[in-house]
Amino acid sequence: IAGLIIMLLPQTIERILARGGGVSIDASKYLPQSLERFAAFAAQSGATLILRNCKNLLPQTLERIAAFGGGKVIFNLDEN
């Protein structure tokens with residue numbers, strides 16, 4: 001269905017990333033600790049994690065997520 005937005009459980013996102021599947025998610029829908037875990041799973045498997053809607057995350061949080069992600073996280077920071 002066009003325009004359907006699905007919010008997956010954190011455990012589902014972790015399993016997808018652990019199996020090497022890349023995901024693009026709305027960062028505002030998850031706790032910073034979950035985003036850090038997602039990033040760690042991406043780094044471990046080599047998957048790409050794209051975080052959209054990051055405008056409410058603190059710079060320190062972005063840095064922690066990036067560190068956990070080991071180069072596998074893309075922050076979309078140009079959204080309105």
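Numbers for residues simply follow the sequence, beginning at 1.
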Over all heavy atoms of both residues, which pair between [X] and [Y] is shortest? Give the atoms and the distance, please.
{"X": "Ala43", "Y": "Gly70", "value": "CB-N, 4.2 Å"}
{"X": "Ser28", "Y": "Asp26", "value": "OG-OD1, 2.6 Å"}
{"X": "Ala47", "Y": "Gly21", "value": "CB-O, 3.5 Å"}
{"X": "Asn53", "Y": "Ala27", "value": "O-CB, 4.0 Å"}

Between [atom1] of [X] and [atom2] of [Y], what distance do you get to the nearest 0.5 Å?
{"X": "Ile13", "Y": "Lys29", "atom1": "CD1", "atom2": "NZ", "result": "12.5 Å"}
{"X": "Ile16", "Y": "Leu8", "atom1": "CD1", "atom2": "CG", "result": "5.5 Å"}
{"X": "Leu51", "Y": "Leu62", "atom1": "CG", "atom2": "CG", "result": "8.5 Å"}

Q. Is there side-chain contact between Leu35 and Thr61, with at least one heavy-atom pair below 4.5 Å?
A.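 No; the side chains remain at least 4.5 Å from each other.
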Q: Hey, could you give me each pair passing side chain to side chain donor-acceptor pair (under 3.5 Å) that has a residue in residues 37-48? Not counting sequence neighbours.
A: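 Every side chain to side chain donor-acceptor pair (under 3.5 Å) pair that includes a residue of residues 37-48, provided the two are not neighbours, is Glu14-Arg37.
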Q: Give the C-alpha distance, both sets of side-chain angles, the deciding distance and a yes or no for side chain to side chain contact (heavy atoms under 4.5 Å, CB included) between Ile65 and Leu57.
A: CA-CA 10 Å; Ile65 293 167; Leu57 294 176; 4.3 Å; yes
Q: Please name all residues satisfying side chain to side chain contact (heavy atoms under 4.5 Å, CB included) with Asn76, sequence neighbours left out, ordered by chain then number.
A: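 Only Arg52, Asp78, Glu79 meet the side chain to side chain contact (heavy atoms under 4.5 Å, CB included) criterion with Asn76.
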**Q.** Connected-component partners of Ile50 among ILVMFWY, side-chain separation under 4.5 Å
**A.**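 Ile50 clusters with Ile74.
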Q. For residues 31-71, which residue pairs qualify under ring-ring contact (aromatic ring centres under 6.0 Å, His included), counting only residues two or more places apart or in two chains?
A.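 ring-ring contact (aromatic ring centres under 6.0 Å, His included) check on residues 31-71 returns Tyr30-Phe38.
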